[in-house]
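Here is the structure we will look at, set down as C-alpha cells.
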There are 2 protein chains.
Amino acid sequence: MKKKSTIYDVAKKAGVSPSTVSRVMNAPEIVAENTRQKVASAVKELSYIPNMIAANMPRKRTNYIGLIIPDITNIFFSNLVRGVQDVCEKYGYSVLVVNSDDSQEKEGRYLKLLYSRRVDGVILTVAGYQEEEFPEEELSLLKKMNIVLIDREINGMTAPIVKVNNFGGAYSAVKYLLKMGHKKILHLAGIEGTKTNQERRGGYLSALIESHINWKKELNADFRLDAAYQKIMNYWPQIKNSDELPTAIFAANDLMAIGALKAFTQLKVQVPEEVSIIGFDNIPFSDCTHPPLTTIAQPTYLMGQRAVETLINLISKKRIKKFIELETELIERDSVSRREV
Amino acid sequence: MKKKSTIYDVAKKAGVSPSTVSRVMNAPEIVAENTRQKVASAVKELSYIPNMIAANMPRKRTNYIGLIIPDITNIFFSNLVRGVQDVCEKYGYSVLVVNSDDSQEKEGRYLKLLYSRRVDGVILTVAGYQEEEFPEEELSLLKKMNIVLIDREINGMTAPIVKVNNFGGAYSAVKYLLKMGHKKILHLAGIEGTKTNQERRGGYLSALIESHINWKKELNADFRLDAAYQKIMNYWPQIKNSDELPTAIFAANDLMAIGALKAFTQLKVQVPEEVSIIGFDNIPFSDCTHPPLTTIAQPTYLMGQRAVETLINLISKKRIKKFIELETELIERDSVSRREV
DNA sequence: TGTTATTATGAAATCGATATCAGAAAGCGA
DNA sequence: TCGCTTTCTGATATCGATTTCATAATAACA
C-alpha cells in the first residue's frame with residue numbers, strides 16, 4: 001500500500017501553498033484560473049483525495065449524523081433508514097446507524113459513542129423498554145447534541161419530533177372495522193412503554209367509546225411477529241365457540257398482524273370469513289400475505305426524510321418546525337370483510 | 001450548548017499533563033493508582049468524552065468500516081448488515097452503510113467517499129449493473145484500501161471474499177424439483193451481470209443436464225419482485241394450455257418467487273397444485289406467504305459476521321482465509337408439490 | 001553505597017487539514 | 001501618476017488528541 005498523498009505533497013508539486021490547494025478543493029471560484037489548473041493537475045497526478053478526518057478538526061464538524069433505531073432487521077425501519085440516507089447524501093452527510101434493540105442501556109452507550117465521534121446531530125427512535133427514569137447522564141448528553149426524535153415521543157424532552165398521527169390512524173382503522181359491521185374487536189398491542197403504542201391504543205378505545213361499544217379485549221405482543229403468533233395460538237383455542245370470540249382484530253403493527261395470520265392459517269381459521277384483521281404500517285410484503293393485508297399506511301421513507309431535513313436545519317441554526325405529524329392512510333386490501341350482526 | 005471539554009481541561013483540573021490523561025483513557029494500567037484517581041474524577045467532573053476525530057489523526061485509524069450494499073430496503077441485506085454491525089460493535093468499530101443501487105457509478109463515488117473518510121476497511125457487494133470494464137480509478141482506489149467482498153465475486157480482483165455456494169444451492173433446488181417429478185422447470189433469473197446469478201443459473205443448467213432434461217426456459221427479472229410479477233403476468237397467459245407450460249419454477253431469489261406468487265394469485269393459478277415454486281435466500285416473511293415458500297436458505301447474518309471478521313484480521317494484518325464459502329440449506333415448506341406426469 | 005533497571009510523568013513534535021490575517025499584484029478612477 | 005479597491009496568494013496558528021523521547025523518582029542489586 002503506497003503512502004497516501006497529502007495537501008502538502010500537492011502544494012509542492014503545484015508550486016503553491018497548502019492554503020491554495022485547500023481553496024481549490026473547497027471554493028475553486030476564488031482562485032485564479034491559472035493556479036487552479038496547476039493544482040488540479042497535481043491533484044490528478046498524485047490522485048490526491050483529501051483526508052476528511054483532518055479537515056473535520058478545524059472545521060469543527062464531521063458531516064456525520066447518527067441514527068439510532070431499535071433494529072435494522074425490523075423491516076419497518078429499512079425504508080426510514082433509506083429516507084435518511086438519501087437526504088443525507090444530497091447534503092453531503094454520512095449516516096452512522098446503530099441498533100438499540102429497544103434497550104435504554106444500549107441507547108445510552110451509543111449516544112456516548114456518537115458524541116465521541118462528534119456527529120453533527122442524531123436522529124433517535126427512543127428505546128421502548130424504559131427501565132426507570134431517564135438517566136441524568138444520558139439526558140445531559142442529549143442536551144449537548146442536536147437531536148431530532150422520530151416515531152416515538154419522550155416525556156420530559158423538548159426535542160423536535162417527526163411522527164405519524166398514531167391516534168388518528170388507529171382511530172380510523174377501528175372506525176373502518178365498525179363500519180364493516182364488527183362489534184367485537186380485539187386489539188393486538190405493542191410495547192407498553194412506548195408512546196406510539198399508547199397513542200394507537202387510545203385511538204382504538206376512543207373509536208369504541210364513540211360508537212358505544214363496550215366489548216373490548218387486548219393482547220400484548222410487543223410489536224413482534226412471533227409473540228403475536230404465540231399469543232393467538234394460545235388464546236384462540238381457549239375462546240373458540242364462546243361469545244368471547246372476536247370477529248375482528250386491530251393489530252398495532254403489521255408484523256403482529258402477519259403473526260396472527262400465520263397462526264390462523266395453522267389453526268385453520270379463515271381470514272377474513274371468520275376473523276377480519278387490520279394492521280398498521282403497511283410494511284413491504286403486507287400486500288403479499290394471504291389474504292393481502294388491509295392496513296394503515298405510514299409514510300416511513302418520508303418520515304426519514306423529514307427528520308433529516310429538520311436535523312440539518314437544526315445544525316445550521318435555521319428555523320425549524322418543532323412538531324411534524326404526518327398522516328396515515330387506510331389501505332383496503334382483503335383481510336377485512338363485512339360482518340352482518 | 002456549553003463548550004466541550006478537552007484533554008487539556010482535564011489535565012489542568014487534575015494537575016497532570018495531557019499525556020497522562022491520554023494514558024488514563026487508553027491504558028489505565030500503566031499509570032499510578034493515585035494519579036489515575038485524580039484524572040478519573042476530573043474526567044467525571046467535566047464529563048469529558050474524548051474527541052475521536054482528534055484521536056484518529058495521529059493514530060492513523062478511524063475504527064470505521066464502510067459497507068457498500070445495493071439497497072438497504074432490499075430485505076435480503078438487512079440481516080447481513082446486522083451481522084456486520086454486531087461484530088463491529090464487539091471490536092469497537094462503527095459501520096458506515098451506503099447504497100449503490102447496483103450502479104457502478106455510485107459504487108465508485110462511495111468508494112471515494114469512504115477513502116476520504118479514511119475508513120479502515122470496506123465490505124463490498126459489487127454493483128450488479130456493470131457498464132463496461134472496471135474503471136481504472138476505482139480499481140486503484142480498491143488497491144489502496146482493505147477490501148472484503150461479500151456475496152458477489154468480481155473478475156480480475158483478488159480480494160478475500162465471503163459468499164454462499166450459489167451453484168450448489170441452485171443445483172440442489174432443481175434436483176429437488178426433479179425428484180418431485182417435475183420435468184418442465186422454468187428459471188426466473190436475476191441480474192445478468194452478477195456472478196451470483198451466473199452461478200445459480202449454472203446450478204440450474206447442470207442439474208437439468210445431469211438428468212438428461214432438455215426442456216428449459218428462462219425469464220429474467222433482475223432479482224426484483226415487481227419485475228417478476230410483471231413477467232409472469234405477461235408470459236403465463238401466452239402459454240396457457242400449450243405444452244410450453246412449466247410445472248415448476250426455480251426463482252433465483254425469494255423476492256422474485258414472491259412476485260410470481262402474487263401474479264399467480266391474481267391469475268387464479270393454484271400453487272403448488274398447478275405450478276410449484278422454489279425460491280432462494282429464505283428471507284424473512286418467506287414463511288408467511290401463501291403457501292409458505294419452499295426455498296434455499298442462505299446464512300446472511302453469518303455472512304456479515306464472517307466478512308467483518310475477515311476484514312478486521314486483514315486490517316490487523318493477521319492471517320486470513322481468502323475464500324470463505326458458506327453452505328445453503330433446503331427449507332421444505334408448501335410451495336412445491338409432487339407431480340406425477 | 002554506588003550503579004543500574006524500572007516505573008511514572010511531562011515536554012514537544014506530529015497527524016493533515018482549515019482559517020485568519022497580512023501583503024503583493026492588478027485594476028480603476030481622478 | 002497617485003492613491004484606493006479588489007483579487008489572489010502565502011505564512012502561521014490552530015483543532016485535540018497521540019507518540020516519542022527525555023528525565024525524575026523509586027526500586028533492585030552487587
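Chain letters run A, B, ... following the sequence lines, proteins first and then strands; every chain starts at 1.
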- Task: Please list, chain by chain and in numerical order, all residues satisfying ring-ring contact (aromatic ring centres under 6.0 Å, His included) with Tyr64(A), sequence neighbours excluded.
- Result: Tyr64(B)
- Could you tell me whether Arg117(B) sits above the aromatic face of Tyr115(B), with NZ or CZ closer than 6.0 angstrom to the six-membered ring centre and within 45 degrees of the axis? no
- Identify whether any heavy atom of Ile30(B) sits under 4.0 Å from a base atom; if not, whether one sits that close to sugar-phosphate; answer base, sugar-phosphate or nothing. sugar-phosphate
- Upstream residue (5' side of DNA chain D) when Ala32(A) and Ala54(B) are each assigned their closest nucleotide: Ala32(A)
- Message: OP1 or OP2 of dG16(D) versus the side-chain N and O atoms of Thr6(B): is any pair under 4.0 Å?
- Response: no
- Axis-to-axis angle across the helix from dT1(C)-dA30(D) to dA30(C)-dT1(D), five pairs an end, to 10 degrees? 40°
- Message: According to ring-ring contact (aromatic ring centres under 6.0 Å, His included), who are the partners of Tyr110(A), at least two apart in sequence or on a separate chain?
- Response: none
- Item | Whole angstrom value for the distance that separates C1' of dC15(D) from CG of Asn51(B) | 9 Å
- Message: Please classify the nucleic acid contact of Asn56(B) as base, sugar-phosphate, or nothing, using heavy-atom distances under 4.0 Å.
- Response: nothing
- salt bridge (Lys or Arg N to Asp or Glu O under 4.0 Å) against Lys163(B), all qualifying residues, sequence neighbours excluded: Glu199(B), Glu325(B)
- Query: Under the side chain to side chain contact (heavy atoms under 4.5 Å, CB included) test, which residues partner Asn26(A), sequence neighbours left out?
  - Reply: Ser22(A), Arg59(A)
- Counting any heavy atom closer than 4.0 Å, what does Val16(B) reach on the DNA or RNA strands: base, sugar-phosphate only, or nothing? sugar-phosphate
Check the interface with nucleotides 19-24 of chain D: list each N/O to N/O pair with the protein under 3.5 Å, or write none.
unit_1, atom_1, unit_2, atom_2, d
dT19(D), O4, Ser19(B), OG, 3.4

